[in-house]
Amino acid sequence: MTRMKATAASTAMLLLCVAAPLAAHAASFSSEAAWQAAAGAFSLENFDAIGIGTQLSSLPGLGISFGLLNDGVSFPSVQTNASGFGGVNH
């Protein structure tokens, strides 16, 4: 009987520890330079070196791969800001 009480008490304590909410913390930044300094190593892709209309199957510097569009033939392509159809805005 004593062993059962000890086990029940231990189980209750374990459940309390596991179920206790953990506090989340997030930093906020008011400038891109401050964010970059805090982030450390990062990759930035601005699409300036990629020609308009170029199909993109991946952005290796960012570790992103794109699948084929619904036509099953073409990948998303770089578009100008004036166009919003099926591509990445340039």
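Nothing here was measured: the structure is a model prediction, and the numbers come from that model. Side chains are part of it too, since the values below use all heavy atoms of this structure and drop only hydrogens, waters and symmetry mates.
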Sequence neighbours excluded, which residues qualify as side-chain contact (heavy atoms from CB on, under 4.5 Å) partners of [X]?
X     : value
Ser31 : Ala33, Ala34
Asp71 : Leu69, Val73, Ser74
Leu68 : Phe75

Which heavy-atom pair separates Gly53 from Ser77 by the least distance, and what is that distance? O-CB, 3.8 Å
Least distance between heavy atoms, Ala38 atom then Phe29 atom: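 That closest heavy-atom pairing would be CB-CZ, 3.5 Å.
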Is there a donor-acceptor contact under 3.5 Å linking the side chains of Gln55 and Ser57?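 Checked: Gln55/Ser57 side chains show no N/O donor-acceptor pair below 3.5 Å.
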